[in-house]
**Student:** 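Can you keep this structure in mind? I'll have questions shortly.
These numbers come from the heavy atoms of this one structure, side chains and all, not from hydrogens, waters or symmetry mates. If you're wondering where the values come from, they're calculated on a predicted model, not measured in any experiment. Numbers here simply count residues along the sequence, with the first being 1.
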Amino acid sequence: TYVDAIRASDAAMTPPNAPAIWDNEGNLNFREWELTKGVSFPFGQLLSPNIAKTRTFRASLAIDYALGRGFNINGRPGYTTVNNSNDLFNPMASRNPADNPTGNVTLGTTENEAVTAEAEIRYITRLGKGRLSAFVGTSFQHATSEMLRVVGDGFTNDELLYSITH
């Protein structure tokens with residue numbers, strides 16, 4: 001999904017008679033905005049793609065077994081993995097050329113993994129006019145998380161932004 005987005009706080013402060021976003025050549029219109037006192041140019045993000053992806057996998061199993069004489073055992077193992085990537089590209093075209101900008105890129109990944117296991121033993125019997133129910137259970141959880149962040153700065157050619165990987 002592609003979304004043209006700007007910070008709402010910046011756009012809300014834009015005067016109704018503000019200069020155009022784009023100049024006649026199709027570039028961001030930094031020059032005219034510099035002449036507008038007290039208002040910063042909020043549209044540079046339109047040329048700064050932020051690509052986010054998430055992959056999730058979950059699995060679980062329920063096992064019940066009757067041992068007899070009122071005893072039952074059950075177990076519930078599970079596994080979850082969630083992988084995220086978030087890549088932010090800030091090309092020179094998204095920045096005011098009067099500032100002699102360079103491009104930068106920030107790439108990030110996060111990998112989360114969890115293993116769970118639950119087990120319980122139940123005992124149920126009649127006791128007089130009532131019923132006795134007892135159980136003993138345990139739960140195990142193990143989770144890991146790994147993060148990686150790669151930053152590249154000082155690119156003098158916007159095409160090179162996409163040459164860095166993670």
Side-chain angles (χ1 to χ4, degrees), residues 1-63 74-120 137-166:
T1 303
Y2 182 82
V3 178
D4 282 339
I6 58 171
R7 286 191 304 258
S9 61
D10 289 344
M13 300 305 293
T14 303
N17 61 344
I21 298 170
W22 307 98
D23 65 17
N24 293 335
E25 297 172 9
N27 299 312
L28 291 174
N29 192 12
F30 289 103
R31 184 174 309 259
E32 285 187 44
W33 277 79
E34 287 177 347
L35 303 175
T36 307
K37 300 296 181 201
V39 179
S40 63
F41 186 77
F43 302 105
Q45 296 142 346
L46 293 174
L47 297 180
S48 296
N50 187 351
I51 302 164
K53 297 177 185 176
T54 301
R55 227 176 40 241
T56 302
F57 174 77
R58 290 190 175 120
S60 62
L61 179 66
I63 303 168
N74 65 51
R76 290 180 188 86
Y79 175 79
T80 302
T81 182
V82 180
N83 298 313
N84 298 302
S85 69
N86 193 345
D87 302 343
L88 174 60
F89 300 91
N90 291 305
M92 294 184 315
S94 70
R95 298 176 175 192
N96 189 341
D99 297 334
N100 196 21
T102 58
N104 68 48
V105 60
T106 302
L107 309 174
T109 59
T110 305
E111 296 180 5
N112 301 296
E113 186 175 76
V115 176
T116 59
E118 296 178 2
E120 82 181 23
T138 185
S139 178
F140 168 80
Q141 294 183 357
H142 177 74
T144 60
S145 183
E146 295 181 16
M147 296 171 54
L148 172 68
R149 183 173 178 215
V150 177
V151 177
D153 197 16
F155 289 92
T156 57
N157 180 332
D158 284 346
E159 296 300 316
L160 294 176
L161 289 176
Y162 301 93
S163 66
I164 190 170
T165 61
H166 50 91

**Student:** Yes or no on side chain to side chain contact (heavy atoms under 4.5 Å, CB included) for Asn104 and Val151, after CA distance, side-chain angles and deciding distance?
**Tutor:** CA-CA 7 Å; Asn104 68 48; Val151 177; 5.7 Å; no

**Student:** Quick one about Asn74 and Glu120 (side-chain donor to acceptor, distance below 3.5 Å, no hydrogens or angles considered), yes or no?
**Tutor:**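 Yes.
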
**Student:** Please confirm whether the backbone N or O of Phe30 pairs with a side-chain atom of Asn96, one donor and one acceptor, at under 3.5 Å?
**Tutor:**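 Between the backbone of Phe30 and the side chain of Asn96 there is no qualifying donor-acceptor contact (under 3.5 Å).
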
**Student:** Of all residues at least two apart in sequence or in a different chain, which pass the side-chain contact (heavy atoms from CB on, under 4.5 Å) check with Glu159?
**Tutor:**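 So Glu159 forms a side-chain contact (heavy atoms from CB on, under 4.5 Å) with Asn157.
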
**Student:** With distance as the sole criterion, is a donor-acceptor pair present between the side chains of Asn84 and Thr110 under 3.5 Å?
**Tutor:**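 No, because no side-chain N or O of Asn84 sits under 3.5 Å from a partner of the opposite role on Thr110.
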
**Student:** For the pair Asn112 and Thr81, evaluate side chain to side chain contact (heavy atoms under 4.5 Å, CB included) and give the outcome as yes or no after the intermediate values.
**Tutor:** CA-CA 6 Å; Asn112 301 296; Thr81 182; over 6 Å; no

**Student:** Kindly indicate whether the side chain of Trp22, heavy atoms from C-beta on, has any atom under 4.5 Å from the side chain of Asn27.
**Tutor:**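 The answer is no, as the side chains (C-beta and beyond) never meet within the 4.5 Å cut-off.
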
**Student:** For residues Asn29 and Asp23, report the shortest heavy-atom separation together with the two atoms involved.
**Tutor:**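 The pair with the smallest heavy-atom distance is CB-N, 3.8 Å.
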
**Student:** I need the minimum non-hydrogen distance between Leu161 and Gly103, along with the two atoms involved.
**Tutor:**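 Closest heavy-atom pair between Leu161 and Gly103: CD2-C, 3.8 Å.
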
**Student:** Taking the side chain as C-beta and beyond, is there a heavy-atom pair between Pro77 and Phe140 under 4.5 Å?
**Tutor:**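 In short, these two side chains do not touch, never coming nearer than 4.5 Å.
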
**Student:** Do Asn50 and Asn86 come close enough that some side-chain heavy atom pair is under 4.5 Å?
**Tutor:**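 Of all side-chain heavy-atom pairs linking Asn86 with Asn50, at least one is under 4.5 Å.
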
**Student:** How far does CE of Met92 sit from OG1 of Thr156, to the nearest 0.5 angstrom?
**Tutor:**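 Between atom CE of Met92 and atom OG1 of Thr156 there are 6.5 Å.
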
**Student:** Closest heavy-atom contact between Phe155 and Leu160?
**Tutor:**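 Heavy-atom minimum between the residues: CE2-O, 3.4 Å.
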
**Student:** Would Thr109 and Asn83 count as a side chain to side chain contact (heavy atoms under 4.5 Å, CB included) if you check the C-alpha gap in whole Å, the side-chain angles of each, and the deciding distance to 0.1 Å?
**Tutor:** CA-CA 7 Å; Thr109 59; Asn83 298 313; over 6 Å; no

**Student:** Without swapping roles, check the side chain of Asp99 against the backbone of Pro101 for a donor-acceptor pair under 3.5 Å.
**Tutor:**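 The answer is no, because no donor-acceptor pair under 3.5 Å joins these two groups.
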
**Student:** In Å, rounded to the nearest 0.5 Å, how long is the span from CG of Leu88 to OG1 of Thr106?
**Tutor:**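 Answer for the CG-OG1 pair, Leu88 versus Thr106, is 5.5 Å.
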
**Student:** Please check this pair: side chain of Arg95 against backbone of Gly44, looking for a donor-acceptor N/O pair closer than 3.5 Å.
**Tutor:**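 Pair absent, no side-chain N/O of Arg95 close to backbone of Gly44.
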
**Student:** Evaluate the side-chain proximity of Val105 to Asp87: yes if any heavy-atom separation is below 4.5 Å, no if none is.
**Tutor:**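 They are not in contact (no side-chain heavy atoms under 4.5 Å apart), so the answer is no.
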
**Student:** Quick one, Phe89 and Ile51 - any side-chain contact, counting heavy atoms below 4.5 Å?
**Tutor:**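 With C-beta onward as the side chain, the pair touches.
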
**Student:** Which residues satisfy the side-chain contact (heavy atoms from CB on, under 4.5 Å) test with Ala93, sequence neighbours excluded?
**Tutor:**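 Only Leu47, Asp158 meet the side-chain contact (heavy atoms from CB on, under 4.5 Å) criterion with Ala93.
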
**Student:** Step by step, work out the side chain to side chain contact (heavy atoms under 4.5 Å, CB included) result for Val115 and Tyr79.
**Tutor:** CA-CA 5 Å; Val115 176; Tyr79 175 79; 3.9 Å; yes

**Student:** So, for Trp33 and Ala20, which heavy atoms are closest and what is the spacing to 0.1 Å?
**Tutor:**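 Nearest heavy atoms, Trp33 then Ala20: NE1-O, 3.1 Å.
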
**Student:** Is there a side-chain contact between Phe41 and Pro19 in this structure, where contact means two heavy atoms from C-beta onward sitting under 4.5 Å apart?
**Tutor:**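 With C-beta onward as the side chain, the pair stays apart.
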
